[in-house]
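Report on the following structure.
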Amino acid sequence: MKTTLKIEELAQFILGIFLFSQLDYAWWWFPALLLTPDIGMIGYLVNSKIGAFTYNVFHHKAVAIAIGLTGFYLNNSLLILIGVILFSHASFDRIFGYGLKYPDSFKNTHLGSIGK
């Protein structure tokens, strides 16, 4: 099952690349921005509960989709870009087993424990 989930996430990451290619941004913006959603980890400097919340806000695909669709509705390319980057980053992370976090530990994710 883990392989099937990784293939699904890879397909979604490729979708993110395709969606980015439809935007009017230079190609180098995609790799330059791909890791920026990890800013959500800064909440772990406070505690694991706040860290899980902030991490999950930046890594939840529904948030990414909502931002991207809002951008389409408002014809705002920056919001579309943010949505595409958040979506792509979440898929990229999940390929490597980094899922949404539970509040008890960074390593405890909805995909299981990181490193196992």
Side-chain angles (χ1 to χ4, degrees):
M1 183 56 87
K2 283 189 176 190
T3 301
T4 300
L5 292 174
K6 287 181 181 188
I7 292 169
E8 181 180 41
E9 294 299 338
L10 177 61
Q12 290 178 43
F13 181 67
I14 292 168
L15 173 63
I17 293 170
F18 170 76
L19 292 172
F20 178 82
S21 75
Q22 302 305 299
L23 301 175
D24 195 26
Y25 290 93
W27 68 269
W28 58 267
W29 278 108
F30 187 82
L33 295 173
L34 187 61
L35 298 180
T36 58
D38 280 335
I39 192 77
M41 287 191 289
I42 202 160
Y44 281 99
L45 295 174
V46 177
N47 62 43
S48 63
K49 185 176 181 181
I50 298 294
F53 176 79
T54 57
Y55 182 93
N56 290 343
V57 166
F58 283 86
H59 290 79
H60 200 292
K61 290 182 185 175
V63 171
I65 292 168
I67 291 170
L69 289 176
T70 300
F72 277 111
Y73 179 76
L74 298 175
N75 196 27
N76 184 315
S77 65
L78 180 59
L79 285 177
I80 298 169
L81 174 66
I82 292 168
V84 168
I85 292 298
L86 290 173
F87 182 84
S88 300
H89 177 85
S91 295
F92 185 74
D93 268 8
R94 291 179 191 164
I95 291 168
F96 297 103
Y98 293 95
L100 298 174
K101 308 300 183 200
Y102 288 105
D104 60 335
S105 168
F106 179 81
K107 291 187 174 192
N108 189 10
T109 79
H110 83 286
L111 297 175
S113 184
I114 295 173
K116 290 191 177 194

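This one's a predicted model, so the numbers in the text were calculated from it and none came from an experiment.
Side chain of His110 to backbone of Leu100: a donor-acceptor contact under 3.5 angstrom is found.
Each salt bridge (Lys or Arg N to Asp or Glu O under 4.0 Å) pair with one or both residues in residues 57-66, not counting sequence neighbours, appears once here: Glu9-Lys61. Applying the ring pair (Phe, Tyr, Trp, His ring centres under 6.0 Å) test to every pair with at least one member in residues 64-88, sequence neighbours left out, gives no pairs at all. Counting only residues at least two apart or in different chains, side chain to side chain donor-acceptor pair (under 3.5 Å) contacts with residues 22-31 comprise Tyr25-Ser77.
For the pair Thr36 and Leu33, the tightest heavy-atom approach, listed with the atom from each and the gap, is OG1-O, 2.6 Å.
Between Phe106 and Tyr55, the ring planes lie perpendicular to each other; the angle is over 60°, past the 30° to 60° tilted range.
Side-chain heavy atoms closer than 4.5 Å link hydrophobic residues (I, L, V, M, F, W, Y) into clusters, and following such links, possibly through other members, connects Ile85 to Val63. Connection of Leu15 to Ile7 is not established within any shared hydrophobic cluster, with ILVMFWY side chains joined at heavy-atom distances below 4.5 Å, either directly or through further cluster members. There is a path of hydrophobic side-chain contacts, each under 4.5 Å, that joins Phe18 to Leu34.
Between the CG atom of Leu19 and the CD atom of Gln12 there is a distance of 11.0 Å, given to the nearest 0.5 Å. Between atom CG of residue Leu78 and atom CG of residue Leu23 there is a gap of 10.5 Å, rounded to the nearest 0.5 Å. Separating the CD1 atom in Ile80 from the CG atom in Leu69 is a distance of 9.0 Å, to the nearest 0.5 Å.
Partners of Phe20 according to the ring pair (Phe, Tyr, Trp, His ring centres under 6.0 Å) rule, which considers only residues two or more places apart in sequence or in another chain, are Phe30. With sequence neighbours left out, Asn75 forms a side chain to side chain donor-acceptor pair (under 3.5 Å) with no residue at all.
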Per-pair distances, 0.1 Å, donor-acceptor, side chain in residues 38-53, under 3.5 Å, sequence neighbours excluded:
unit_1	atom_1	unit_2	atom_2	d
Asp38	OD1	His59	NE2	3.1
Asp38	OD1	His89	NE2	3.0
Asn47	OD1	Lys49	N	3.0
Asn47	OD1	Ile50	N	2.8
Ser48	OG	Pro103	O	2.7

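Counting heavy atoms from C-beta on, the side chains of Ile17 and Ser88 never come closer than 4.5 Å.
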